[in-house]
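All values derive from a computational prediction rather than experimental measurement. A, B, ... follow the sequence lines: proteins, then strands. Residue 1 opens every chain.
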There are 2 protein chains.
Amino acid sequence: MSVNPEVVREVSEFNNYYNSLAELLNRHLADNNLSLSGLRVLVKLREEEDQCTAGKLIANLGIDGGYLSRILKTFETNQLISKRKSTMDGRTWYLQLTPKGRKLLEILEEGSAQQVSQLLEPLGTEQQLALAGAMKTVRHILSDDAKISADDITFRRDLQPGDAGFIMHMHGSLYAKEAGYNLDYEAHICKTFYEFLEAYNSSKDQVFLAMHGNQIIGSIAVLGHSRYATQMRWFLVHPDYRGLGIGQRLLTEAINAAKEKLFQKIYLITTAQQVPATTLFKKNGFRKSGEKHMPMWGLQLTEERYEIDLI
Amino acid sequence: MSVNPEVVREVSEFNNYYNSLAELLNRHLADNNLSLSGLRVLVKLREEEDQCTAGKLIANLGIDGGYLSRILKTFETNQLISKRKSTMDGRTWYLQLTPKGRKLLEILEEGSAQQVSQLLEPLGTEQQLALAGAMKTVRHILSDDAKISADDITFRRDLQPGDAGFIMHMHGSLYAKEAGYNLDYEAHICKTFYEFLEAYNSSKDQVFLAMHGNQIIGSIAVLGHSRYATQMRWFLVHPDYRGLGIGQRLLTEAINAAKEKLFQKIYLITTAQQVPATTLFKKNGFRKSGEKHMPMWGLQLTEERYEIDLI
DNA sequence: TTTTTTAATTGCTTTTGTCAAACAGATTTT
DNA sequence: AAAATCTGTTTGACAAAAGCAATTAAAAAA
């Protein structure tokens, strides 16, 4: 993949900037006679719990072996870690934090939190949240193991100001990018929201949102259009968050909500081109009840109607 | 300002993570016999151009005086910097980079860029952009001198998929937060967009967007409702970007567009509570042509109508 | 003028980190 | 099975990075 020079510049500048900041944030380490490397070792040991060897630390942290050996020795004499000889290989030792080591880490983290708090103090609530979000993004893009997991996702069932607009935004931009729909599609979505908001009634309508932090990353809704039938709409999961089961979760919630509200059937309109979505619909008991070829959103598409009976 | 513990956690974790990454990114320094402190000194010297003293470096970089003195000495013997005795104070020296020093910095930055490129290589284009954006955000929130300037803002006059939704989102969430409007307001905005998108005609309608990167941070539009009059709508600048003259710029563009399209007047509807906006309208020649007290968006508001004649 | 303060330097020390050699257990080769 | 090789860890020697305290010289204050 080619590299954008603008991006390189920003990353370099960021690195430059962060180097100064890091100095500030790591100042408290010295108070506990710990080097940055020492800290990283302790953190890693806690992470690996019990199955960590010196070699693993060397490989993972990129520390020189000799230096590490000394670090570990002082840790041992200070009773921050304990060693346990491997039964398989007489050369290797399994390293683990002692309660004292754990405690120190906690103290360290407390100190770090204090430094950070001081840094954040002058910022407004929103800026703080924006900062956390941006940092999470950085980490998440750069590190393999900071991948978003399903645990990071929360769900909301109330519609707050700004939500509708954002869902429309997601639909407009993502369908344009992924399926090539034109502006008409967003106009259509806008119309559906207009109709919905005009007649919003929580006893028959239900929106679900998948959130990452305070960012909407997925949506679905069931809208009671008659006594018996409810329409499912706005089913979408942001591409960065696909494959985590969020779509299924939203769909389940929507179906359950429709059942709870005693609707007899759910129907939805989609296009044949939305393969992953239609696959999911079928897997959840929906069946196709109609299709129609027509020009839509600047393309030649096949509009499909799916339905499911809820008893 | 109180500090959100979730944010503290993320910042701490980020710091932890970035410490490892920094090691990687700063590895090339050793190739040039430079410590991180040394680099920071050089960078600072270039920044300050000519008026930098050792004291200033100590204060700004937080380096120990003795250590700095030695760093500077080796820099001088390597002809990376030159000293010039102050005429005001016989104790202080003004430090400046020599061409050789400048050159070294460039080489260093080239090396850094290479490291960064390697890091970015496996990422997709979008991820790279997202990364740069997030880093910029971090820097921008934390550092005083990375404040956004008017130069960073660009303007766009086309409406792309996703834009409408995002403008609605901004209106919904910001007016809720800043003015306490309820969901009805977003429904209203949605209605205005619905009407607009149904009958969009570029010969009479014009949207302007203020952008920061690829993020919409301000908007305005003039919508030709009749042969003679055009309505101004969706005038909003995100709070993080106020005070940079973006509002005025948008307003000017909108008025000019209305003139170009040969409309005779512009009118707009707002509320008396929008003091900064109405002030700007008046300053630009608008006059109040009506007002009406009424309950709106969950509050008791005064709806105001403003007009301006364009000859 | 004397005293105090301030900008920078120097001497001494500790901490941090690197490199190469050594060592001991494990694995492979002969 | 003995020798050779490889691997995980330790040790010794050393260099670089950084901090602390005392010193010097010019400036400012008393």
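- In this structure, CD1 of A:Ile63 is placed 9 Å from P of C:dT18, rounded to the nearest angstrom.
- Here B:Lys83 reaches the OP1 or OP2 of C:dT9: one of its side-chain N or O atoms lies under 4.0 Å away.
- Under a 4.0 Å N-O distance rule, the pair A:Arg46/A:Glu109 qualifies as a salt bridge.
- Separating the CD atom of A:Glu23 from the P atom of D:dA18 is a distance of 8 Å, rounded to the nearest angstrom.
- Put simply, CG on B:Leu57 is 11 Å from P on C:dT9, counting in whole angstrom units.
- Checking D:dT9, C:dT18, C:dT9 against the side-chain heavy atoms of A:Arg70 singles out C:dT18 as nearest.
- Two residues, B:Ile71 and B:Arg91, neighbour DNA chain D, and the one matched to the more 5' nucleotide by heavy-atom proximity is B:Ile71.
- Shown are A:Asp64, A:Leu57, A:Ile58; of these, the side-chain contact (heavy atoms from CB on, under 4.5 Å) with A:Leu61 is made only by A:Leu57.
- Here the shortest heavy-atom pairing between A:Leu108 and A:Leu34 reads CD2-CD2, 3.3 Å.
- Ionic pairing of B:Glu6 and B:Arg9 is present here: one or more N-O contacts between side-chain nitrogen and carboxylate oxygen are shorter than 4.0 angstrom.
- Residue contacts shown for A:Lys85 are absent, as no nucleic acid heavy atom lies under 4.0 Å away.
- With distances taken from any side-chain atom of B:Thr53 to the nucleotides C:dA8, D:dA18, C:dT18, the minimum falls on C:dA8.
- Straight-line distance from the CH2 atom of B:Trp93 to the P atom of D:dA27: 12 Å, rounded to whole Å.
- As rounded to whole Å, 7 Å separates atom P of D:dT10 from atom CG of A:Leu72.
- Within the 4.0 angstrom heavy-atom criterion, only backbone atoms of the sugar-phosphate kind lie near B:Asp89; the bases stay farther away.
- Between B:Lys44 and B:Glu47 there is a salt bridge, since a side-chain N of the basic residue sits under 4.0 Å from a carboxylate O of the acidic one.
- D:dT9 atom P lies 13 Å from atom CZ of A:Arg84, rounded to whole Å.
- When distances run from any side-chain atom of A:Tyr67 to the nucleotides C:dA8, C:dT18, D:dT11, the shortest one goes to C:dT18.
- Residue B:Ser35 places its side chain closer to D:dA17 than to any other of C:dC12, C:dA8, D:dA17.
- Among the protein residues, A:Gly65 comes within range of the nucleic acid bases, having at least one heavy atom under 4.0 Å from a base atom.
- At whole-Å resolution of the value, CG in A:Asn33 and P in C:dT15 are 7 Å apart.
- Residue A:Lys73 places at least one side-chain N or O under 4.0 Å from the OP1 or OP2 atom of D:dT11.
- Rounded to whole Å, atom C1' of D:dT7 lies 11 Å from atom CD1 of A:Ile58.
- Listed pair A:Thr92 / C:dG25 fails the phosphate criterion, with no side-chain N or O lying under 4.0 Å from OP1 or OP2.
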